[in-house]
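Quantities reported herein were computed from a predicted structural model and do not represent experimental measurements. Counting begins at 1 with the first residue of the sequence.
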Amino acid sequence: MEVHKSSLLAVFDAKQRLEVPLFQRQYVWNEERHWQPLWEDIGRKFTEALEGRKDAPHHFLGAMVLDQKQTPTGHVVLRQVIDGQQRLTTLQIFLAAYRDFCKQNDCEALAAECDKFLFNTGMMADPTIDKFKVWPTQLDRGQFVDVISAGSHEEVLKRYPLRRRPYARKPDPRPRMVEAYLFLFDQVQEFFLGDGDEPPIAAEFTLADRVDECFQTLRNSLMVVIIDLQKDDDPQVIFETLNARGEPLLPADLLRNYIFLRASRDLPDIETIYNKYWSGFDDEFWREEVKQGRLTRPRSDLFMQHFLASRQGQDIPIKHLYVEYRHWLESAKPFPNVTTELETLARQRDHFRRIIAPAEGDPIFELCSFLESYDIRTAYPLLLALLDAGLDNAQWNEVSAILESYLVRRAVCNLTTKNYNRIFLSVTKALQRDGLSPAQLRATLLGQAGDSTVWPDDATFRESWLHQRVYNTLNSARLVHLLRRLNQTYMSSKSEAFAFTSPPTIEHIMPQSWQENWALPDKSNGMTLAELLEATDNDPRAIATRKRDATIQTMGNLTILSTGLNAAQSNLAWAKKRPEMMKHSLLPINQSLLETSEWDEKSIAHRGLELFDRAAQIWKR
């Protein structure tokens, strides 16, 4: 066999047909396991290109095994795809989606260029088949031809409209290749046009310039490995060998080997160096796997990911750690020698352990516990940079107050979290340039604008606090954090210390099932869901019922109990529920409820304002 690397587009440049044998399985890739990771790889290289990172390492999309077949004179050269057919097919679908996006946005020249990598031209014995660069298995050919040949997103939707069977909750799924096309088209469109809240990357340049720059990335930066079989190679043996289920090396394993191979060349007593700087990674703690996004990874890999992101200011996917670390080390030369490199890794490893397993009494304990309850780990590179700066306890208190205010206000206002990785990497780079201090952190966060990055002001925070259905938008852990912090404001220096032996529960003071025991303000009964569906838009009871359904999900109607009420107690009328609540709660935040004779919309609004005044002091801007 012959093995060589090739750019993605070079695979499709030659006049040839890559045919998937009939005995191969159908197209089986799906969004979560395949299309999304593939797009993340492509989108990342696009981002690097638009940000001017010309020295970034090439990314390999995988290997493909091809077997040359005898081709009659006059026919397009035929090669059978022994391995890699799912990837080849998906890349063709991606090129079709890219072409159709370009065509839809008046980039006709580039759309025509894309066609050169989808279709063969010139003389062909059977143009209906030979014109396609890739030819899938028989059962997949119809949908493949439709996706590649339709010529527009609109036409694909026209050929494959959503259909719903009688009484079915969801539409029938479209064929997989059609779903792949629609997914990839949406990703390309969002990348180049933005999503409404967030402008696209490099928006200062024209769309035509941006799509052309990214197309050059497909030419030059996305690579594949081609394995060409020779006459005497057995395709089945090769296929079975490549698909054997060996245990792959983890990124941390590859990095350790790379670091200590260099260390063994430069340092005389490698075992002493290993014990001093690296043996800490042998602790079982670092081998324990934890979930991050779609994947489960050992903590050692997560540390290396966040460490490298902190140092480079770039979002580094775990599967690219080894390549990115090696490229960074060889191009940026961040350490004078391997000993300094190991000292830095050991120091930051200990910092990272403080972050993900904080000990009470540590000045970063409250902040790290908050980030965990809010499931925000994209701030870890920033914390690693701040820990390396050696902030004192008072400075950490300021950092904690700033970050918690920024994130709590955004959460209450139901602002997006999807760009937090980019935000915190940008903040990290800014602080490393301008100074790693609380004042600089505050100034950097205040300087951001737009819904995806803004630090909401008091007026915006107040409006959402009083009217946002926070019970529907924040999970239990986040609401518990808010209410616990509010509870602390009711305590004085003379108050008895109180510790929860188990997580408290969220309680709606006016229950979600209120219709039976809680009359509307005009003393009429509220409507059930079935009645609301039948009611007219201007029905007074329907309007009052919908208003109450929204009001009971706001902060003014929520509290915490150390022991939750059962459903029967929770739904009692206020006169009966109030004493039951007091049996279950010693918390100061609930004591004022003892004196409230009625609980209605006015009471909820009044308590919401009272809690907001406290919230504005806790989470200052």
Side-chain angles (χ1 to χ4, degrees), residues 35-36 38-56 59 94-114 152-154 182-222 309 312-317 378-379 381-382 406-407 409-410 413-434 443-457 460:
W35 308 333
Q36 182 69 44
L38 175 65
W39 165 249
E40 287 171 358
D41 289 340
I42 295 173
R44 182 164 170 269
K45 301 310 289 184
F46 282 2
T47 299
E48 290 174 351
L50 295 179
E51 291 179 344
R53 193 182 169 201
K54 302 298 184 183
D55 66 337
H59 174 64
F94 170 77
L95 283 172
Y98 200 85
R99 173 201 63 193
D100 294 349
F101 172 79
C102 292
K103 192 180 298 184
Q104 182 175 298
N105 290 276
D106 300 322
C107 299
E108 295 286 349
L110 190 52
E113 187 71 12
C114 289
S152 73
H153 182 261
E154 182 181 4
L182 295 174
F183 170 81
L184 291 167
F185 185 93
D186 287 346
Q187 301 309 306
V188 171
Q189 181 166 260
E190 182 177 325
F191 181 85
F192 285 112
L193 301 184
D195 63 357
D197 294 333
E198 178 75 4
I201 295 169
E204 64 273 20
F205 298 103
T206 67
L207 176 62
D209 287 342
R210 286 184 281 125
V211 293
D212 184 66
E213 183 70 25
C214 290
F215 190 75
Q216 302 314 313
T217 295
L218 295 177
R219 283 185 182 277
N220 305 318
S221 297
L222 290 165
Q312 281 196 277
Q314 301 283 343
D315 187 18
I316 310 294
T378 46
L382 172 61
Y406 177 75
L407 294 168
R409 285 177 177 241
R410 288 186 57 82
C413 295
N414 198 27
L415 297 174
T416 181
T417 64
K418 74 175 187 176
N419 292 310
Y420 279 179
N421 59 334
R422 286 173 57 189
I423 291 171
F424 284 116
L425 287 173
S426 173
V427 169
T428 303
K429 289 173 71 174
L431 266 61
Q432 288 169 333
R433 181 188 66 241
D434 302 328
T444 303
L445 291 174
L446 282 171
Q448 300 182 116
D451 284 351
S452 64
T453 59
V454 70
W455 188 350
D457 59 22
T460 306

Taking the side chain as every heavy atom from C-beta outward, state whether [X] and [Y] have any atom pair closer than 4.5 Å.
X	Y	result
Pro456	Arg410	yes
Tyr98	Phe215	yes
Leu50	Phe191	yes
Leu222	Ile42	yes
Leu193	Phe101	yes
Cys107	Val211	yes
Arg44	His59	no

Val454/Gln448 under side-chain contact (heavy atoms from CB on, under 4.5 Å): CA gap, chis, key distance, verdict: CA-CA 5 Å; Val454 70; Gln448 300 182 116; over 6 Å; no

Salt bridge (charged side-chain N to carboxylate O under 4.0 Å, His left out) between Arg219 and Glu113, intermediate numbers included: CA-CA 12 Å; Arg219 283 185 182 277; Glu113 187 71 12; 2.8 Å; yes

Exercise: identify the closest heavy-atom pair between [X] and [Y]:
X	Y	value
Arg210	Phe205	NE-O, 3.3 Å
Pro381	Ala309	CG-CB, 4.0 Å
Phe46	Cys214	CE1-O, 3.3 Å
Arg99	Ala111	CG-O, 3.4 Å
Leu95	Cys114	O-CB, 4.3 Å
Thr217	Ala49	OG1-CB, 3.1 Å

Supply the atom-to-atom distance [X] [atom1] to [Y] [atom2], rounded to the nearest 0.5 angstrom.
X	Y	atom1	atom2	value
Thr453	Tyr420	OG1	OH	10.0 Å
Thr378	Arg422	OG1	CZ	12.5 Å
Asn421	Ser426	CG	OG	11.0 Å
Gln312	Thr428	CD	OG1	13.0 Å
Glu51	Glu213	CD	CD	12.0 Å
Asp451	Asn419	CG	CG	11.0 Å

Donor + acceptor pair across side chains of Asp100, His153 (<3.5 Å): no

Phe94 and Trp39 aromatic ring geometry - parallel, tilted or perpendicular at 30°/60° bounds: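 The arrangement is tilted - the two ring planes meet at 30° to 60°.
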
Aromatic ring pairing Trp455/Tyr406, orientation class (parallel under 30°, perpendicular over 60°, tilted between):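 Because their plane-to-plane angle is over 60°, the rings of Trp455 and Tyr406 count as perpendicular.
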
Heavy atoms of other groups near Lys103 NZ, more than 12 under 6.0 Å: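 More than 12 heavy atoms, drawn from other residues, nucleotides or ligands, come within 6.0 Å of this atom.
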
Gln104, CD atom: more than 12 neighbouring heavy atoms under 6.0 Å: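 It does: Gln104 CD has more than 12 such atoms within range.
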
